[in-house]
Amino acid sequence: MESRRSSGDMGRIASWVKSHRPMYDRATQHPFVVGISDGSVDLSAFKRWLAQDYIFVKEFVPFLASVLLKAWKHSDDESDMEILLGGMASLSDELAWFRKEASKWDVKLVGIVPQKANLEYCRFLQSLMLPEVDYAVAITAFWAIETVYQESFSLCLDSSSKTPEELMETCQRWGSANFGHYCRSLQKIADRCLEKASSDIIRKAEEAFVCVLEHEFNFWNMSCGE
């Protein structure tokens with residue numbers, strides 16, 4: 001029988017981060033975010049990211065709602081709902097923040113055309129919303145999406161960073177210690193679900209994790225104009 005732990009006391013999620021380290025690093029240390037942290041970012045790229053990510057977040061709301069529904073139906077721990085509801089509550093504030101930032105940067109949010117990488121990422125979210133997708137798979141993908149942003153923007157808050165003052169609020173939104181704590185809570189949920197999952201579900205969850213890393217990388221590339 002397959003062990004529910006990969007090596008020692010390492011959880012399944014940590015083992016996947018280790019085994020997919022090159023992909024993980026290129027998603028969390030992309031030149032777009034590195035450019036913010038060293039002050040070299042092209043502000044036109046930041047504005048492109050702002051508009052495209054606003055579209056993505058609107059698609060993210062029903063995705064999180066579907067994860068909540070799966071938790072309600074299938075979770076064996078009531079605290080999952082509380083953690084996920086906290087994430088859902090923050091999305092209203094997040095959308096308001098995007099509108100405020102767009103106004104500050106003179107970015108028009110009405111009539112934005114989603115670019116190819118964004119459309120493909122949103123289609124991936126929609127595929128995870130299907131009823132037949134297991135809770136363990138959905139929560140793994142959700143953890144990965146949130147964590148890529150947390151790790152990426154936390155680079156911009158390092159004491160040695162040269163993040164422009166006008167971009168600090170963006171970095172603090174996702175790079176903060178509080179958001180990091182939230183991401184670790186999601187990781188614990190995913191690990192717990194994966195410990196009890198079948199080998200088929202574990203395989204699908206790992207595939208979802210890898211897909212998130214690929215989509216995040218492509219989204220950053222799109223933001224850079226590539």
Side-chain angles (χ1 to χ4, degrees), residues 10-43 45-54 56-57 60 63-64 83-84 86-91 93-98 100-101 104-105 117-118 121 139-191 208-224:
M10 182 182 290
R12 179 83 50 183
I13 294 294
S15 73
W16 288 346
V17 170
K18 183 178 180 180
S19 61
H20 297 288
R21 175 58 69 178
M23 290 186 70
Y24 189 81
D25 285 349
R26 75 174 192 161
T28 57
Q29 301 173 32
H30 191 276
F32 174 78
V33 178
V34 171
I36 294 176
S37 69
D38 67 16
S40 67
V41 66
D42 184 339
L43 290 179
F46 176 78
K47 292 177 183 180
R48 186 182 302 110
W49 166 82
L50 188 71
Q52 291 294 316
D53 208 40
Y54 175 71
F56 180 80
V57 172
F60 196 62
F63 166 63
L64 178 48
I83 293 168
L84 294 171
M88 179 63 80
S90 70
L91 286 180
D93 174 66
E94 193 165 302
L95 287 168
W97 176 85
F98 270 101
K100 176 177 69 72
E101 283 293 299
K104 183 176 82 175
W105 292 97
N118 201 354
Y121 204 171
I139 193 66
T140 297
F142 180 55
W143 160 80
I145 293 167
E146 297 285 54
T147 296
V148 167
Y149 261 37
Q150 202 283 323
E151 292 222 10
S152 295
F153 283 107
S154 66
L155 293 174
C156 308
L157 301 179
D158 188 87
S159 59
S160 62
S161 70
K162 300 177 182 177
T163 301
E165 183 61 33
E166 61 269 29
L167 300 184
M168 282 299 294
E169 187 177 341
T170 299
C171 300
Q172 288 165 349
R173 172 163 288 277
W174 288 285
S176 69
N178 283 342
F179 193 65
H181 176 74
Y182 171 66
C183 290
R184 287 189 292 276
S185 296
L186 295 177
Q187 180 175 344
K188 288 178 182 177
I189 295 173
D191 269 329
F209 167 58
V210 171
C211 281
V212 167
L213 297 181
E214 192 65 33
H215 283 300
E216 290 285 354
F217 178 74
N218 292 338
F219 203 99
W220 295 131
N221 280 349
M222 170 198 65
S223 300
C224 291

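Note that these values count all heavy atoms, side chains included, but never hydrogens, waters or copies made by symmetry.
- Atom CD of E216 and atom CG of N221 lie 11.5 Å apart (nearest 0.5 Å).
- With sequence neighbours excluded, the residues that form a side-chain contact (heavy atoms from CB on, under 4.5 Å) with V57 are D53, L91, E94, L95, F98.
- With hydrogens and angles left out, the side-chain atoms of S176 and N178 include no donor and acceptor closer than 3.5 Å.
- The main-chain N or O of Q52 is found under 3.5 Å from a side-chain atom of N118 such that the two form a donor-acceptor pair.
- In terms of heavy atoms, F179 sits closest to E146 at CE2-O, 3.5 Å.
- Taking each heavy atom of N218 and A117 in turn, the nearest pair found is O-CB, 3.7 Å.
- Looking at residues two or more places apart in sequence or on another chain, you find a ring-ring contact (aromatic ring centres under 6.0 Å, His included) between Y149 and F153, W174, W220.
- A search for ring-ring contact (aromatic ring centres under 6.0 Å, His included) contacts involving Y54 returns nothing, not counting sequence neighbours.
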Next on the checklist: Using the rule given for side chain to side chain contact (heavy atoms under 4.5 Å, CB included), can you reason through T147 versus V212, listing the C-alpha separation, both sets of side-chain angles and the distance that settles it, and then say yes or no?
Outcome noted: CA-CA 10 Å; T147 296; V212 167; over 6 Å; no

Checklist entry - Which is it for W49 and F219 under the ring pair (Phe, Tyr, Trp, His ring centres under 6.0 Å) test, yes or no, and what are the steps along the way? => result CA-CA 8 Å; W49 166 82; F219 203 99; 8.0 Å; no

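- Within the 4.5 Å cutoff, no side-chain heavy atoms of L155 are placed close to those of S161.
- When all heavy atoms of Q150 and C183 are compared, the closest pair comes out as CB-SG, 3.8 Å.
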Next on the checklist: As a quick check of understanding, evaluate salt bridge (Lys or Arg N to Asp or Glu O under 4.0 Å) for D42 and R48, giving each step before the final call.
Outcome noted: CA-CA 10 Å; D42 184 339; R48 186 182 302 110; over 6 Å; no

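- Scanning all heavy atoms of the two residues, the minimum distance from C171 to I36 falls at SG-CG2, 3.8 Å.
- The local environment of NZ in K47 is crowded, with over 12 non-hydrogen atoms from other residues, nucleotides or ligands closer than 6.0 Å.
- Using a 4.5 Å heavy-atom cutoff, the side chains of C224 and H30 are in contact.
- Listed for the T140 side chain is no donor-acceptor partner under 3.5 Å among the backbone atoms of F209.
- F142 has its side chain within reach of L84: a pair of non-hydrogen atoms, C-beta onward, lies under 4.5 Å apart.
- Within the 4.5 Å cutoff, side-chain heavy atoms of W105 are placed close to those of L43.
- A heavy-atom distance below 4.5 Å is not found between the side chains of V210 and W16.
- R26 places a side-chain heavy atom less than 4.5 Å from the side chain of E214.
- The two residues A27 and L213 come nearest to each other via the heavy atoms CB-O, 3.8 Å.
- For T28, the side-chain contact (heavy atoms from CB on, under 4.5 Å) partners are Y24, D25, V148, E151, S152, not counting sequence neighbours.
- When all heavy atoms of M168 and L157 are compared, the closest pair comes out as CE-CD2, 3.6 Å.
- Residues forming a ring-ring contact (aromatic ring centres under 6.0 Å, His included) with Y121 (at least two apart in sequence, or on another chain): F56, H215.
- For K100, the side-chain contact (heavy atoms from CB on, under 4.5 Å) partners two or more places apart in sequence, or in a different chain, are W97, E169.
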